[in-house]
Visitor: 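This is the structure, below, for whatever I ask next.
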Amino acid sequence: MIEANQDIIILGAGPGGLQAAIHAARKGLKVLVLGKNDKSSLWWAHIENFCCTLEISGEQILKTGQQQAESFGAIFFNEDVLSIVPPDLMSLDGSGFTVNSETKTFKAKAVIICTGTTRNKLGVPGEKALFGKGVSYCVECDGNFFKGEEVVVVGGESAAAGGALHLTHLASKTHLVAKEFSFAPELMQRLKDSGVIIHEGVEVKEITGDAGVDGLVLDNGTTLGVTGVFIELGAKGVMSLAAELGITLDESMKFIETDKQQRTNVPGLFAAGDICGPPLQMAKAVGEGCVAGLAAAKFAKKL
């Protein structure tokens, strides 16, 4: 049974998140890791440049890392995060962060973001030309521009589902398109109850429009008359997190800015790994995960 209240919640079960979990859990704190390690870019990799390790598969590293973290008391929950609400700084109850996964809501004194940075693209005609003209990769950033309009979210994972739910409060009609969906059935039911129109078993063939998006063509011949296309493939990205939490990004606006303790500008919020910038290497992610886990544990203990 997973307790709703945690000391530390770690987003991402890649090498940075696993190392953070190991170090934080060894401090005797309640640590929860949200994420799916088979979605990590490391899962399919073959590693031969990591110190003190001969050639090994990424899958083996991730499975072993989870076992290590669990041996120290960390709990893993195989769901991605949908949204994070930072603490109310005016509140006196010390309730901390509110983290909503696909089916549950948790509280945490500190949060460590280790979700990586990959923003997958569809690679279909019209996507590049219409970027910024109706095509977006961040619902939280651009959703308000489509109030009262018909929109579509493309993606079969939790980020897409969360984005579609968010847009139901803004758009006149919201579609969700994916070849297959890989999130909890309870979340699918929430989508249907919210009026999201589900298109399963289809893929996007083309995004149409000149000065702006005017349609989305599916491979079954259907055309959706939308003005907004939100591409959300994978877990929640850096721009979405920044917009949601007020995180400071670096000059490139691609990575989270942290100090030497892996602290962001938001108290109690830490980050590690690829989401903090290059070099995008496992060794760097592990090192930063170690620092973040220790720093977050120190922060949580003070509270």
Side-chain angles (χ1 to χ4, degrees), residues 6-25 27 29-35 40 74 80-91 94-101 106-119 137-141 159 162 234-282 284-303:
Q6 302 290 324
D7 292 315
I8 299 171
I9 290 180
I10 298 171
L11 311 182
L18 292 173
Q19 192 68 61
I22 289 169
H23 280 280
K27 293 294 183 180
L29 298 173
K30 291 190 294 184
V31 177
L32 174 67
V33 181
L34 291 174
S40 170
D80 289 323
V81 63
L82 291 184
S83 64
I84 309 172
V85 181
D88 180 355
L89 298 181
M90 301 301 293
S91 174
S95 57
F97 294 86
T98 300
V99 180
N100 297 302
S101 75
F106 303 97
K107 293 281 189 179
K109 297 173 183 176
V111 171
I112 307 175
I113 302 172
C114 305
T115 52
T117 61
T118 302
R119 304 303 294 153
Y137 298 91
C138 179
V139 170
E140 286 82 359
C141 307
K236 187 176 286 288
V238 65
M239 289 300 293
S240 298
L241 289 167
E244 198 168 64
L245 294 166
I247 302 172
T248 298
L249 302 182
D250 69 355
E251 292 181 357
S252 72
M253 299 299 287
K254 295 179 180 179
F255 305 108
I256 293 177
E257 194 171 88
T258 62
D259 64 10
K260 290 185 178 181
Q261 296 298 309
Q262 301 305 129
R263 295 176 295 198
T264 71
N265 61 301
V266 179
L269 190 64
F270 302 79
D274 288 359
I275 203 164
C276 297
L280 306 183
Q281 295 286 334
M282 182 175 71
K284 171 181 171 290
V286 168
E288 290 181 350
C290 166
V291 174
L294 293 172
K298 185 177 180 180
F299 179 89
K301 282 188 173 182
K302 283 185 178 179
L303 295 181

Visitor: Taking the side chain as every heavy atom from C-beta outward, state whether Leu249 and Ile256 have any pair of such atoms under 4.5 Å apart.
Guide: yes
Visitor: Hey, are Lys109 and Asp7 close enough for a salt bridge, meaning a charged N less than 4.0 Å from a carboxylate O?
Guide: yes
Visitor: With a 4.5 Å heavy-atom cut-off, do Ile8 and Phe299 have their side chains touching?
Guide: no
Visitor: Just so I know, are the side chains of Thr264 and Leu245 near enough to count as touching, which here means a heavy-atom distance under 4.5 Å?
Guide: no
Visitor: So, taking the atom named CD in Gln19 and the one named SG in Cys290, what distance separates them when rounded to the nearest 0.5 Å?
Guide: 6.0 Å
Visitor: Find the distance between NZ (Lys284) and SG (Cys276) and round it off to the nearest 0.5 Å.
Guide: 5.5 Å
Visitor: Checking Leu32 against Phe106 for the side chain to side chain contact (heavy atoms under 4.5 Å, CB included) test, could you report, in this order, the C-alpha distance in whole Å, the side-chain angles of both residues, the deciding distance, and whether it holds?
Guide: CA-CA 9 Å; Leu32 174 67; Phe106 303 97; 3.7 Å; yes
Visitor: Taking Ile84's backbone N and O only, do any of them form a donor-acceptor pair with Glu244's side chain (distance below 3.5 Å, no angle check)?
Guide: yes
Visitor: Taking the side chain as every heavy atom from C-beta outward, state whether Cys114 and Glu288 have any atom pair closer than 4.5 Å.
Guide: no
Visitor: Count the heavy atoms belonging to other residues, nucleotides or ligands that lie under 6.0 Å from NZ of Lys27, then report whether that count exceeds 12.
Guide: no
Visitor: Please report the closest heavy-atom contact between Val266 and Gly246, naming both atoms and the distance.
Guide: CG2-O, 4.0 Å
Visitor: Looking at side-chain heavy atoms only, is the closest gap between Lys301 and Leu29 below 4.5 Å?
Guide: yes
Visitor: Search all heavy atoms of Ile112 against all heavy atoms of Ala296 and return the closest pair with its distance.
Guide: CD1-CB, 3.7 Å
Visitor: At their closest point, which heavy atom of Ser101 faces which heavy atom of Leu82, and how far apart are they?
Guide: O-CD1, 3.4 Å
Visitor: Which heavy atom in Phe270 sits nearest to a heavy atom in Gln261, and how many Å separate them?
Guide: CD2-O, 3.8 Å
Visitor: Where do Gln262 and Ala272 come nearest, in terms of heavy atoms and distance?
Guide: NE2-CA, 4.0 Å
Visitor: Hey, could you give me the CG/OG1 distance between Leu34 and Thr115, rounded to the nearest 0.5 Å?
Guide: 11.5 Å
Visitor: Rounded to the nearest 0.5 Å, what separation is found between the CG atom of Leu11 and the CD1 atom of Ile113?
Guide: 6.0 Å
Visitor: State, to 0.1 Å, how close Lys107 and Ile9 come at their nearest heavy-atom pair, and which atoms those are.
Guide: O-CD1, 4.2 Å
